[in-house]
Amino acid sequence: MKSVSVPNLRMHRNYPDINGTVVMRYKDLSLGIFVMAIWGVNFIAIKVSTTNLNPLLVTALRFTLAAIPAIFFIPKPPVAWRYILSYSLVFGTGIWGLATCSLTAGLSPGMASLLLQLNAAISVLLGWLILKETVSTQKILGASLAILGLWIAFLIEDGSVSPLGVVLVILAATCWGISGLIVKAANTKEVFAFIVWSLLFAPIPLLVLALALEGKEVLNNLIEIDKLTLASILFQAWPTTLLGYWIWNRLIVTYPLSTIAPLTLLVPIFGLLASWLVYQEPLGIVKICSSLLIISGLIAGVIKWDKVRLSKKKQASVPINIQ
């Protein structure tokens, strides 16, 4: 299962193009929304699995169950081992290890799904600092709105936010930005295979940390693991990680990133709704304001408004225009 480079794929597929604006087919749009729903609900699964198990151990189990069957069907991509190993550390421990720990540190699933999306704003900052990328006024405005939303999140007093939880998830979002730099340095078009082979090594530092912090007792709970906990870990491993990233990778090589990137804004919406339904997470005015500012900031950073305006001038009504 090898990814195909974008230019070659576009030569063989004719996806809809209206007045120069790429639009998604209904089937692909539905798949994209389906993946965003899975990724949003995944935070509920993380919360459930960490009720009786150490969060680092849960994350290690998630990636072990995801990697072991997959690597037998997916060839190793032609990438240097240093990139695979560094990505496994940042992706496994940095992103999901910290994000999972944030839920046991007092952060609700809904707020975790929202604040983790700040990786988009942090990635802009990292690109400017490390890669010397040019940052447009639009992206600066978007990042500013997102940071303002983060500041308001600290004012939430309904028990769904804790200072330690916020710090952990912001560190996770920062690691997400760093993981993007590693993928760029690896310069691979086989992103899904790259992720799968990185998952093979991700559990090692997670397990070492879990043992270092809690000793061998951390493994005792595995003996009496209940069906709900096991099901929640399997959900994280297979639908969320393998199926989700496989579908997302196919969409990335089929459509321009600017067309599908806005779909990720649905993750915190599904996450907040799922947390409200399952855990009765309050949705007060302060939380709604914080969420709207963060999501608005992300929208401002990913949507090219000049192309949207141009498209509107050419045609008043364009179906499913996401760019």
Side-chain angles (χ1 to χ4, degrees), residues 29-53 55 58-59 62 95-96 98-121 145-170 172-173 176 226-229 231-241 243-244 248 262-299:
L29 178 63
S30 300
L31 283 173
I33 294 174
F34 174 66
V35 170
M36 297 308 109
I38 289 177
W39 286 353
V41 174
N42 182 57
F43 288 88
I44 300 297
I46 293 175
K47 180 70 173 179
V48 172
S49 61
T50 55
T51 302
N52 299 316
L53 289 180
V58 166
T59 312
R62 166 188 178 177
I95 300 175
W96 291 108
L98 291 173
T100 304
C101 286
S102 72
L103 294 180
T104 61
L107 197 63
S108 72
M111 289 305 296
S113 68
L114 174 68
L115 296 179
L116 191 58
Q117 300 307 310
L118 287 170
N119 73 82
L145 287 174
I147 292 173
L148 178 59
L150 171 62
W151 177 77
I152 292 179
F154 280 100
L155 304 178
I156 298 174
E157 298 180 346
D158 59 10
S160 62
V161 173
S162 70
L164 178 58
V166 172
V167 170
L168 289 173
V169 82
I170 294 304
W176 202 312
D226 59 88
K227 294 180 180 180
L228 181 60
T229 301
S232 64
I233 295 175
L234 290 175
F235 180 86
Q236 296 171 59
W238 295 341
T240 300
T241 304
L243 179 62
W248 186 246
L263 284 177
T264 59
L265 300 175
L266 295 174
V267 174
I269 295 176
F270 284 117
L272 285 166
L273 287 175
S275 189
W276 172 68
L277 287 171
V278 177
Y279 289 105
Q280 290 77 50
E281 178 176 344
L283 296 177
I285 185 65
V286 177
K287 183 176 294 183
I288 292 175
C289 289
S290 172
S291 302
L292 288 176
L293 281 170
I294 291 175
I295 293 175
S296 297
L298 298 177
I299 291 175

Side-chain contact, heavy-atom cut-off 4.5 Å: Ile299 with Pro262?
no
With sequence neighbours left out, write down each residue that passes side chain to side chain donor-acceptor pair (under 3.5 Å) with Thr241, or none if nothing qualifies.
Arg62
Thr59 meets the side chain to side chain donor-acceptor pair (under 3.5 Å) criterion, sequence neighbours left out, with Thr100
Working for side-chain contact (heavy atoms from CB on, under 4.5 Å), residues Leu116 and Trp176:
CA-CA 9 Å; Leu116 191 58; Trp176 202 312; 3.6 Å; yes
Taking only residues at least two apart or on different chains, which pairs with a member in residues 152-166 satisfy side-chain hydrogen bond (donor to acceptor under 3.5 Å, both in side chains)?
Asp158-Ser160, Asp158-Lys287, Ser160-Lys287
To the nearest 0.5 angstrom, please state how far the OG atom of Ser102 sits from the CD1 atom of Ile46.
8.0 Å
Leu293 and Leu150: side-chain contact (heavy atoms from CB on, under 4.5 Å), yes or no, with the steps?
CA-CA 8 Å; Leu293 281 170; Leu150 171 62; over 6 Å; no
What heavy-atom pair brings Leu115 and Ala153 nearest, and what distance separates the two atoms?
CD2-CB, 4.4 Å
Under the side chain to side chain contact (heavy atoms under 4.5 Å, CB included) rule, collect the residues that match up with Val35, sequence neighbours excluded.
Trp39, Ile247
Counterpart residues, side chain to side chain contact (heavy atoms under 4.5 Å, CB included), relative to Leu266 (two or more places apart):
Ile33, Met36, Leu263, Ile269, Phe270
Distance col, row Thr229:OG1 vs Asn52:CG, nearest 0.5 angstrom, shows 5.0 Å
Exercise answer: donor-acceptor pairs, residues 103-110 side-chain atoms, under 3.5 Å, sequence neighbours excluded:
unit_1	atom_1	unit_2	atom_2	d
Thr104	OG1	Cys101	O	2.8
Ser108	OG	Met111	N	3.2
Ser108	OG	Glu281	OE1	3.1
Ser108	OG	Glu281	OE2	2.9

Between Val58 and Ser49, what is the shortest heavy-atom contact and its length?
CG1-OG, 3.2 Å
Donor-acceptor pair, side chain of Ser296 and main chain of Leu292, under 3.5 angstrom:
yes
Going from CG on Leu277 to CG on Leu272, what distance comes out if it is rounded to the nearest 0.5 angstrom?
11.0 Å
Heavy atoms of Leu283 and Ile288 approach each other most closely as O-CD1, 3.5 Å
Sequence neighbours excluded, which residues qualify as side chain to side chain donor-acceptor pair (under 3.5 Å) partners of Thr240?
Asn42
Only counting residues at least two apart or in another chain, list the ones meeting side chain to side chain contact (heavy atoms under 4.5 Å, CB included) with Leu228.
Val48, Asp226
Heavy-atom nearest pair, Ala99 first then Ala172, reads N-CB, 3.9 Å
Inter-residue atom distance Ile233.CD1 - Leu53.CG, 0.5 Å rounding
5.5 Å
Can you list everything that forms a side chain to side chain contact (heavy atoms under 4.5 Å, CB included) with Trp151? Sequence neighbours excluded, please.
Leu148, Leu155
Which atoms form the tightest heavy-atom contact between Ala121 and Ala146, and what is the distance?
CB-CB, 4.4 Å
State, with a plain yes or no, whether a side-chain heavy atom of Ile295 is found less than 4.5 Å away from one of Leu114.
yes
Is Ile294 close to Leu145 at the side-chain level, that is, under 4.5 Å between some pair of heavy atoms?
no
